[in-house]
Participant: 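Have a look at the structure that comes next, please.
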Protein chains: 2
Amino acid sequence: MPVRLIKEGIKKMRQDSRLSRMLHVLIHMGKHGGSMTSETIARMLDANPVVIRRTMSGLRESGYVRSEKGHGGGWTLVRPLEELTLLDVYRAVGEPSVFAVGPAYDMPGCPIEQAVNATLKGVFDEAEQLLLNRFAGVTLADIAGSFPPVIDAGKGEHCAS
Amino acid sequence: MPVRLIKEGIKKMRQDSRLSRMLHVLIHMGKHGGSMTSETIARMLDANPVVIRRTMSGLRESGYVRSEKGHGGGWTLVRPLEELTLLDVYRAVGEPSVFAVGPAYDMPGCPIEQAVNATLKGVFDEAEQLLLNRFAGVTLADIAGSFPPVIDAGKGEHCAS
DNA sequence: TGATTTGCAACAACATAAGTTGCGTGAGGT
DNA sequence: ACCTCACGCAACTTATGTTGTTGCAAATCA
């Protein structure tokens, strides 16, 4: 009998982390006050300054942050964290597809395919609605205040670079 | 003033259509009766026979279909459509990540990142739970019976190759 | 003028589903 | 026996989107 190989781990669709990263940045900016450069943010997130600008540009277009060029420039928060919801940020980063699985449109006329897609769409729409409703109900200030009282023991700096 | 270019459409994360395709195939098999070859299925879905085998292999391992080699071989449904739920098929195709957006783990120690990820996880888990519960409650027979009475006008063949 | 910092375009790196090719294996039919 | 059909599997290619990287232009301030 052939040796049964260990089943290879299922590969998962890669996930878009822009929402998570932007939330992280915005809360830092809200707590930090003043402005931060893309460089600083990039070091904070162990990422690339250009990627930061690219992603933040959506937030700028939505009016949540402002960017200033030149010496002393950088990014500043326009609204307080209390007035920014997860939904705002989600939309500002491009409102990406929430779901990694979706319908196929192989046979446009087939009633079976249509029934499958209609069923899936119903379920996914319901889940998305729930998701967006929850997003709309959570402000960044809620998140910022959700972790246990910070141990302000001096050296315990958050996010040490 | 520079000409303002038309804002480029936001690119969306590509979606995994295996679940949709397998549902489509299984319902066809259930209605068709007997066996179908990968070739036939592939033509039906405008896809590749090897891709079909690859995806169907998950269903075979889960015991929902059986494959037979050689002349007259092909794929046959083991259970009736009434005893197959969306959840079964979802799991059999590899239980892929439902969501295209997810957390980033850039600064493992940062309490802000942890709070962001905990919040996102809570919301996503809730939505996923809803999704899977719905999946568990829908059989393929439900889908197959969900479209309006087929107009059996003779030439109106479903899914003409 | 020179240093700083964003804006933007172009390209490479990476990951994953889907497509493709080739060969092996087994089941019938002749 | 031989041939054909059909799945099994491995390796490679293609397509697509996020992230990473480089280079240069433009704006701001000392």
Side-chain angles (χ1 to χ4, degrees), chain A residues 2 4-5 7-22 35-43 45-61 65-76 93-97 99-106, chain B residues 2 4-5 7-22 34-43 45-61 65-76 93-94 96-97 99-106:
Chain A
R4 181 163 296 271
L5 297 177
K7 184 181 162 107
E8 199 177 295
I10 302 290
K11 304 290 186 58
K12 302 286 188 177
M13 189 71 127
R14 203 165 66 113
Q15 292 185 320
D16 180 350
S17 61
R18 284 176 298 170
L19 173 62
S20 168
R21 295 179 134 181
M22 286 303 101
S35 70
M36 299 177 72
T37 69
S38 304
E39 254 295 314
T40 307
I41 297 172
R43 270 202 305 273
L45 266 69
D46 192 29
N48 193 287
V50 180
V51 177
I52 300 300
R53 290 188 199 109
R54 193 186 289 157
T55 313
M56 299 279 286
S57 71
L59 297 170
R60 183 186 53 226
E61 286 170 22
V65 298
R66 196 179 42 213
S67 65
E68 277 159 309
K69 293 181 175 180
H71 202 111
W75 299 88
T76 49
V93 299
E95 205 160 354
S97 281
F99 300 107
V101 318
Y105 302 103
D106 296 317
Chain B
R4 180 165 296 272
L5 296 178
K7 184 182 163 109
E8 200 178 291
I10 302 290
K11 302 293 184 59
K12 302 286 188 177
M13 190 72 126
R14 204 164 63 111
Q15 291 186 319
D16 180 349
S17 62
R18 284 177 299 171
L19 173 61
S20 168
R21 294 179 135 182
M22 286 304 100
S35 71
M36 298 176 73
T37 68
S38 304
E39 253 295 315
T40 307
I41 298 172
R43 269 201 306 273
L45 267 69
D46 191 30
N48 194 287
V50 180
V51 177
I52 300 300
R53 291 191 197 108
R54 191 186 291 157
T55 313
M56 299 278 287
S57 72
L59 297 170
R60 183 186 53 224
E61 286 171 21
V65 297
R66 197 180 43 211
S67 64
E68 276 159 309
K69 294 182 177 180
H71 203 113
W75 299 88
T76 49
V93 298
S97 282
F99 300 107
V101 318
Y105 302 103
D106 297 316

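Just so we're on the same page: letters track the sequence lines, and every chain starts at 1.
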Participant: Please report the distance, rounded to the nearest Å, between CG in A/N48 and P in C/dA13.
Facilitator: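 From A/N48 CG to C/dA13 P: 15 Å.
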Participant: Which atom names give the shortest non-hydrogen contact between B/P103 and A/S17, and what distance separates them?
Facilitator: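 For B/P103 and A/S17, the tightest heavy-atom pair comes out as O-CB, 3.9 Å.
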Participant: If you only use heavy atoms from C-beta on, which nucleotide in D/dT22, D/dT19, D/dG8 is closest to the side chain of A/V51?
Facilitator: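 Output: D/dT19.
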Participant: Just so I know, are the side chains of B/M22 and B/L59 near enough to count as touching, which here means a heavy-atom distance under 4.5 Å?
Facilitator: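 Touching, per the 4.5 Å side-chain cut-off.
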Participant: Mind listing the side-chain donor-acceptor pairs of residues 66-75 of chain A below 3.5 Å, one per line with the distance, residues two or more places apart or on another chain?
Facilitator:
from	atom 1	to	atom 2	distance (Å)
A/R66	NH2	A/T76	OG1	3.4
A/S67	OG	A/R60	NH1	3.4
A/W75	NE1	A/S38	OG	2.9

Participant: Could you give the CD-to-P distance, from A/Q15 to D/dT16, as a whole number of Å?
Facilitator: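 Answer to the nearest Å: 22 Å.
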Participant: Within this structure, what is the CD-to-P distance between B/E39 and D/dG8, rounded to whole angstrom?
Facilitator: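 After rounding, the gap between these two atoms is 14 Å.
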Participant: If each of B/S38 and A/T55 is mapped to the nucleotide of DNA chain D with the nearest heavy atom, which maps nearer the 5' terminus, i.e. the 5' end?
Facilitator: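 Mapping each residue to its closest nucleotide by heavy atoms, the 5'-most match is B/S38.
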Participant: State, to 0.1 Å, how close A/V65 and A/M56 come at their nearest heavy-atom pair, and which atoms those are.
Facilitator: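 The answer is CG2-O, 4.1 Å.
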Participant: So, OP1 or OP2 of C/dA17: does either fall under 4.0 Å of a side-chain N or O from B/S17?
Facilitator: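 Looking at the OP1 and OP2 atoms of C/dA17, neither is under 4.0 Å from any side-chain N or O of B/S17.
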Participant: Could you tell me the separation between the CD atom of A/E61 and the C1' atom of C/dC8, rounded to a whole number of Å?
Facilitator: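 Value for this atom pair: 13 Å.
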Participant: If the condition is salt bridge (Lys or Arg N to Asp or Glu O under 4.0 Å), which residues does A/E39 pass it with, not counting sequence neighbours?
Facilitator: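 Result, salt bridge (Lys or Arg N to Asp or Glu O under 4.0 Å) vs A/E39: A/R43.
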Participant: Report the distance from atom CG of A/L19 to atom C1' of D/dT18, rounded to the nearest whole Å.
Facilitator: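 The distance from CG of A/L19 to C1' of D/dT18 comes to 14 Å, rounded to the nearest Å.
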Participant: Respond yes when some side-chain nitrogen or oxygen of B/S57 is under 4.0 Å from OP1 or OP2 of D/dG8, and no when none is.
Facilitator: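 For D/dG8, OP1/OP2 do not have a side-chain N/O of B/S57 under 4.0 Å.
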Participant: Give the residues of residues 65-72 of chain A touching DNA chain D, defined as any heavy atom closer than 4.0 Å, sorted by residue number.
Facilitator: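 Within this stretch, A/K69, A/G70, A/H71 sit under 4.0 Å of the strand.
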Participant: Do A/T37 and A/T40 have side-chain atoms, one donor and one acceptor, less than 3.5 Å apart?
Facilitator: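 Indeed, the side chains of A/T37 and A/T40 share at least one donor-acceptor pair under 3.5 Å.
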Participant: Closest approach of A/V101 and B/Q15, non-hydrogen atoms and distance?
Facilitator: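 Smallest interatomic distance, heavy atoms only, reads O-NE2, 3.8 Å.
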Participant: Should the side chain of A/R54 and the base of D/dG20 be counted as holding a donor-acceptor pair, with the cut-off at 3.5 Å?
Facilitator: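 Side chain to base: pair found, below 3.5 Å.
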Participant: Without decimals, in angstroms, what is the distance between A/D16 CG and D/dG20 P?
Facilitator: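 These atoms are roughly 12 Å apart.
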Participant: Would you mind reading off the distance between B/R43 atom CZ and C/dG19 atom P, rounded to a whole angstrom?
Facilitator: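 Atom CZ in B/R43 sits about 15 Å away from atom P in C/dG19.
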Participant: Which of these nucleotides, D/dT19, C/dA18, C/dT6, is closest to any side-chain atom of A/R21?
Facilitator: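 Within the option list, the nearest is D/dT19.
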Participant: Identify which nucleotide among D/dG20, C/dG19, D/dT19 has an atom closest to any side-chain atom of A/A47, counting heavy atoms from C-beta outward.
Facilitator: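 Nearest nucleotide to the side chain: D/dG20.
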Participant: For C/dT6 and A/R53 - does any side-chain N or O of the residue sit under 4.0 Å from the phosphate oxygens OP1/OP2?
Facilitator: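 The answer is yes; a side-chain N or O of A/R53 sits under 4.0 Å from OP1 or OP2.
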Participant: Tell me the interatomic distance from B/I52, atom CD1, to C/dA17, atom P, rounded to whole angstroms.
Facilitator: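 Interatomic distance, CD1 of B/I52 to P of C/dA17: 15 Å.
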